[in-house]
Amino acid sequence: MNILIVGSGAREHAIAKALHRSLQNPTIFCCGTTRNPGIEALTANYYVGDICAIEDIVEQGLQWKIDLAIIGPEAPLEKGLADALWHAAIPTVGPQQQLAKLETSKTFTRDLQKKYHIPGALDYRVFKSLVGVQEYLHYLGEHHYVIKADGLMGGKGVKVAGDHLHSFAEALLFCEELIAQGCAFVIEEKLIGQEFSAMCFCDGNQLVSMPLVQDHKRAYVGDLGPNTGGMGTYSHADHLLPFLTAADANQAQLINKNMLAALTAEFNLPYVGILYGSFIATQKGVQLIEYNARFGDPEAMNVLAILESDFVTICQAMVNGTLTCEQVVFSNLATVCKYAVPHGYPDSPVKNVEISIDLFENQDQLYLSAVNIEKGKLLATGSRTAAVVGVANTISAAEQLAEREINKIQGPLFHREDIGTEALIKQKVLQMKQLREPELIT
Ligand code: AMP
Ligand code: GLY
């Protein structure tokens, strides 16, 4: 069986490892924007090029006689790669272009949520000009709004009052910037609470949930600094999270289910791939932050590291519309994933600096991302460099494993030492407790 992975980051390295573990012994191929040596070591053939050049990717797929494709990142989904691959008779894990609007258009998703009365909704309005912006900002209040560009902006399209915007004047300036770029935008109520990722496998009809994961978007220890693609993640052995109740998890799954039903009703197309709801547990319950139409990065590494079932079988079931809950088993183990990133990341990272990971003991849990090999040297190219995952009975033990291993990656890199530590988790649990029971605050 020939399987194509589209994408070349650590998430795709995790996908490649999960495929490689399969007893079905597939032959793996990759189309990536860069040559990831970790993925390359697991593949029979590797094409480097623009993964949004749909015709080129389909041609590669046909040349390699691909039986099944898995699309890692969102950009090719937005361009309709899944549609084109299906059209070329290559079954594909990753939703078609219209369905991927769930991720690619924030206004579409908020409007869909409203139209179908899906729970977890919040106060929002869509704008295309400055008309009404000032009034709406005042209505939400000085520190109580978030502004989101409508479209894929590589993590730079969302600004939160109090964090990134410090006055109405700054907010208006950001809106003007977006209008100048021809972007519509959403202004919505700012929510306070703990965020979490609820990903599911989907075969167009059946949704099967993965363990919940919490990401850390901020660059520095203590959840400080600029937003990043995600510095690290953890998951709990019981597949919930320490600050969540089972009711919270059920609510997130209900929203995912309703969203799938709404999408299906809207487009009459099967959603095949990963449906990833990003939620926040608040005083008012679980609310929706956004949707992604793919695996999270780093979240993919947490869940795939403890997937007991055969990943190839799950992918086949997704594309054939035969997915069942019984097919998907995860170990009851905790995971902590940490990314090493170049000094200066994300705003002004050092680029093409030499790194070394020779002493690594557990290669199974090392995932390469923005690296390159030049003249035999391993270089960090500027984005997130490499991730490690600790897997153990408790989050704390998994954290210690991840920390031990990540310190073996040498070079001008840094990582967040606090992700998954008992101290940080205690803080999160306490914050949720205070939000849920404000009368307890002394
Ligand atoms: P998004 O791209 O929509 O995931 O937004 C990026 C980050 O902005 C999220 O991970 C949150 O930390 C923050 N964010 C987005 N929407 C909201 C909201 N309504 N309230 C508070 N924070 C938000
Ligand atoms: N971890 C956040 C994302 O993949 O979008």
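Start at 1 and go down the list; that is how both ligands and their atoms are numbered. Here the structure is a predicted model, which means the values were calculated and not measured.
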Can you sort out which atoms of ligand 1 are near [X], meaning under 4.0 Å from one of its heavy atoms?
| X | value |
| --- | --- |
| Ile289 | 3 (O), 4 (O), 15 (C), 16 (N), 17 (C), 18 (C), 23 (C) |
| Glu188 | 16 (N), 17 (C), 18 (C), 19 (N) |
| Lys148 | 3 (O), 15 (C), 16 (N) |
| Glu189 | 18 (C), 19 (N), 20 (N) |
| Lys190 | 20 (N), 21 (C) |
| Glu290 | 1 (P), 2 (O), 3 (O), 4 (O) |

Atom CE in Met259, atom OH in Tyr271: separation rounded to 0.5 Å?
-> 11.0 Å
Cut-off 3.5 Å, side chains only: do [X] and [Y] have a donor facing an acceptor?
| X | Y | result |
| --- | --- | --- |
| Asn302 | Ser235 | no |
| Gln287 | Thr282 | yes |
| His164 | Glu170 | no |
| Asn256 | Tyr291 | yes |
| Asp297 | Tyr367 | no |

Do Arg384 side-chain atoms and Gly229 backbone N/O form a donor-acceptor pair below 3.5 Å?
-> yes
Between ligand 2 and [X], is the shortest N or O to N or O distance under 3.5 Å?
| X | answer |
| --- | --- |
| Asp297 | yes |
| Arg294 | yes |
| Glu290 | no |

Just let me know how Lys217 lines up against ligand 1, side chain, backbone, both or neither, with a heavy-atom cut-off below 4.0 Å.
-> side chain
Mind checking whether Leu191 contacts ligand 1 via backbone (N, CA, C, O), side chain (CB onward), both or neither, at a 4.0 Å heavy-atom cut-off?
-> both
Among Asn292, Asp215, Val160, whose heavy atom sits nearest atom 13 (C) of ligand 1?
-> Val160
Atom indices of ligand 2 within 4.0 angstrom of [X] heavy atoms, with elements:
| X | answer |
| --- | --- |
| Asp215 | 1 (N), 2 (C) |
| Glu299 | 1 (N), 2 (C), 4 (O) |
| Gly296 | 4 (O) |

Side chain to side chain contact (heavy atoms under 4.5 Å, CB included) with Ile306: of Leu333, Val389, Val329, only one passes, and it is Leu333
If we only count N/O pairs under 3.5 Å, is Lys106 in contact with ligand 1?
-> yes
Heavy-atom closest contact (Val391 atom, Leu401 atom, distance) = O-CD1, 3.3 Å
Examine ligand 2 and decide if any of its atoms is less than 4.0 Å from a heavy atom belonging to Gly230.
-> no
Less than 6.0 Å separating the ring centroids of Phe174 and Tyr145?
-> no
Any chance you could lay out the side-chain contact (heavy atoms from CB on, under 4.5 Å) test for Val133 and Phe185, step after step, and finish with the verdict?
-> CA-CA 10 Å; Val133 166; Phe185 54 95; 4.0 Å; yes
Between Asn292 and ligand 2, find which residue part has any heavy-atom pair under 4.0 Å and reply side chain, backbone, both or neither.
-> side chain
Kindly confirm or rule out a cation-pi arrangement of Arg125 over Tyr136, judged by NZ or CZ under 6.0 Å from the six-membered ring centre and within 45° of its axis?
-> yes
Write out the residue and atom name of the closest protein heavy atom to atom 2 (C) of ligand 2, then the distance separating them to 0.1 Å.
-> Tyr276 OH, 3.3 Å
